[in-house]
Amino acid sequence: MSDHSPAPHLPSSTGEGEGYLARLNPEQRTAIETTDGPLLVLAGAGTGKTRVLTTRFAHILLTERAKPWQILAVTFTNKAAREMRERVGVILGEAVEGLWLGTFHALCARMLRRHAEYAGLTQSFTILDTDDQMRLLKQVMEPWQLDTKRWPAPGLMGVIQRWKDRGLTPARVTDADDTDFANGHARAIYTAYQTRLRDLNACDFGDLMLHVTEILRTRPDVLEQYHRLFRYILVDEYQDTNTVQYLWLRLLAKRSGTQSNICCVGDDDQSIYSWRGAEVENILRFEKDFPGAQIVRLERNYRSTQHILGAAAGLIAHNGERLGKTLRSGKDDASGEKVRVTGVWDSDTEARAVCDAAESFRAKGASLAEMAILVRAGFQTRAFEERLVQTGLPYRIVGGVRFYERTEIRDALAYMRILHQPADDLAFERIINVPKRGVGPAGLQKLHAAARARQVPLAAGTQALVAEGGLKGKMGAEITKLMDALSSTRDILVREGHVVALEFLLEESGYLDMWRNDRSVEAPGRLENLKELTRALADFGTLGEFLEHVALVMEHDENAGDAKLSLMTLHGAKGLEFDIVFLPGWEEGVFPSQRTLDEGGLKGLEEERRLAYVGITRAKKHALIYHADRRRIYANWQPSMPSRFLDELPEEHVVRKNNGGTQPRGLNLSESVFDNGPLTSRRRQDPLAASTTLPNFQLGDQVRHPRFGVGVIIGADRHQLEVIFESGATKRLLSSFIEKV
DNA sequence: ACTGCATTCATTTTT
DNA sequence: TGAATGCAGT
């Protein structure tokens, strides 16, 4: 903590001499300076929400209302937490240590480590990933002998997770709750699952919230501790909280005898996660939950042009049940372009139209980094990807398979987990036959039996079996080798540290050889990822710290850098902004999604509409919406109707154009759409220009492409290289995508 | 214990 | 359409 003296405190100051409060609008200022008592800040899209949150945090510190560790600041994403920490640091002029600032889950993990015994765990409990959860649940389900077709494990996992989202421990699940699954066996299996977790000294993600909330509910002494600790609570994205998160916050905020200094920031119009357990009602109910609450509305938008805001506002006005906000443009640029709605022939034409438009914007000086294609569902990305590759536009898919979720990384992590926590049976099960050691279901059974007979974890039981010579043949030899490798690695861990230990173990276990001997195109990439993993490991002091980081943070900066067009889902785009946003697939059934309509009725429709609102409001300068007349669904082409949302966009903010109906003649469908004057954006040095002057590729050079693997250059023109790949496919590609082998 | 064929079924996924 | 699982065959 700093003993650095804060700026002279001027509670509710008039603003003189306080740089951090300068240049805020009156509403923002109110949101920051109303420090005491419950406060709800309704922050529309692009109204400076993050700024308010961080400035408020700093303000509380600078006016000496609380010490850094007396503020609880909660976000949903690691990204938001990181950003907040950085920006608070900037205002204070130094990084602050010891903050209770993080995601719900990270903060709960921290609390749970302190009070693990109240949840029947030890302080060093493991946090399972989704694979492990599912494997464990399948094991637990076995004795029930359910028809796995009718009652699949993922379905039950969903039920359990929803219970956890609602703060229901097995004991709190009522008969009425337990009707959905397997003729009322769900609660019993849930109970068994929780018992298994406890035996493994493990918890799943939902348990982090659930256990802590349960402890706060049932241990007044623990709750009291936190009441004394936290003077101020800040919550980001309140509209996305689920019931446990709400309970957790309310327990922490409601201190007897004092008012709750809880400030929740959110936007009911951007609630798009109800299917994950989020309850918009939490934000709608705020005043009831916290009597005397003040409400501040941030409605001045500094992001988008008036037409974009007008279109978004007109759309969202069709929703009922809103707290009600009207976004006003903070800038007065009536010059902005209207939202463009384009009808096209089919989904391929759509992809072409979008890529042509992107190209055209780029030609006018816009950077690809400022463009995004936002789709409703993952399957829509494929058409765009194909077209982008053909066109040679660099792009990145946001929210694909994440680094820590790749097989090779999860395997390596399992190796680390078994080092760190020898009782981690799930980790052991994962790696026992990776690489292949001839251990199948039967072999695994034998190991389990050995462990059970000795009442020890799986790894220890296996070790004992090996020592007795109870394992024969190839399997016996291989397992012995693995166990030896593990024990030598433990020595190395002590003597030479965790980085060397990991490298040693991956080598000795034969794991690296497994990939080296793999001839598939992904193998070299996987080895590269493993190298990257050891590099990342070096940033942490201990294995334990690293594993905690991985379990909670699950992200890893990769190939950021070059300007690339972003391709992602609308959900993934929340909180981001781009100069130019492409919104394809606005058709009935796709968007709004048929399934949501079927399952969620009017509520579902309204959530889809909020999603559309989120999509449009991501755009700063240009929003381009597309709908196709026909779309290929699985095998066959089906006609599609324009989305009802299109009718809800106010005419004065929209330009409509229809290229559908007739088969395209091929070229530049979209050209006439974009001759609407030059972009206002400054012309940056185009990062692509640099990449086209690139390395001296020659005909016949061996090259590697991240998607297509290894190939040979068979042709080239100024910007593109023609490459024939091992698969036999020939592609025209931008050289920046390719590296020489 | 592994391989290959058939069958199934397709949203969104902050942690 | 294609990927991902499950079962039967070797």
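Every chain is numbered from 1, with letters handed out A, B, ... down the list of sequences. Any value given below was found using the heavy atoms of this structure, including those in side chains, with hydrogens, waters and symmetry copies removed.
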| query | Hey, what's the ring geometry for A:Trp515 with A:Tyr511, parallel, tilted or perpendicular (30° and 60° as the breaks)? | reply | perpendicular
| query | Among B:dT15, B:dT13, B:dA1, which is the nearest nucleotide to the side chain of A:Tyr273? | reply | B:dT13
| note | With the side chain defined as heavy atoms from C-beta on, A:Pro441 is closest, among B:dT15, B:dA1, B:dT12, to B:dA1
| request: Quickly work out the A:Arg609 CZ to B:dT12 P distance and round it to whole Å. | output: 22 Å
| query | For A:Tyr634 and C:dT1, are the ring centres under 5.5 Å apart with planes inclined under 30°? | reply | no
| message | Strictly below 4.0 Å: does A:Thr75 bring a side-chain N or O up to OP1 or OP2 of B:dT14? | response | no
| task | Would you indicate what A:Gly399 reaches in the nucleic acid, counting non-hydrogen atoms under 4.0 angstrom: base, sugar-phosphate, or nothing? | result | nothing
| Between B:dT14, B:dC2, B:dA10, which nucleotide gets closest to the side-chain atoms of A:Arg595? | B:dA10
| remark: Of the candidates B:dT12, C:dG2, B:dT15, the side chain of A:Thr569 sits closest to B:dT12
| field | Geometric class of the A:Phe540/A:His549 ring pair [parallel <30°, tilted 30-60°, perpendicular >60°] | value | tilted
| remark: Given the options A:Gln638, A:Glu587, A:Gln380, A:Arg631 meets side-chain hydrogen bond (donor to acceptor under 3.5 Å, both in side chains) only with A:Glu587
| field | A:Asn242 side chain near B:dT15 phosphate (N/O to OP1/OP2, under 4.0 Å) | value | no
| said: Can you see whether A:Phe125 has A:Arg113 sitting over its ring - NZ or CZ less than 6.0 Å from the centre and within 45° of the normal? | reply: yes
| message | Check the phosphate of B:dT15 against A:Asn78, side-chain N and O only, distance under 4.0 Å to OP1 or OP2. Yes or no? | response | yes
| A:His105 and A:Phe205 aromatic ring geometry - parallel, tilted or perpendicular at 30°/60° bounds | tilted
| task | For DNA chain B, just give me the dot-bracket, please: Watson-Crick or G-U, both distances below 3.5 Å, ( ) intra-strand, [ ] crossing earlier pairs, | paired with another strand, . unpaired. | result | ||||||||||.....
| Between A:Trp275 and B:dT12, do the rings stack, that is, sit under 5.5 Å apart with planes less than 30° off each other? | yes
| request: Classify the angle between the aromatic ring planes of A:Phe582 and A:Tyr626 as parallel (below 30°), tilted (30 to 60°) or perpendicular (above 60°). | output: tilted
| Across the strands shown, which category fits A:Gln380 at heavy-atom distances under 4.0 angstrom: base, sugar-phosphate, nothing? | nothing
| field | P atoms of C:dA3 and B:dT14, separation to the nearest Å | value | 22 Å
| Whole-Å distance between B:dC9 P and A:Arg150 CZ? | 14 Å
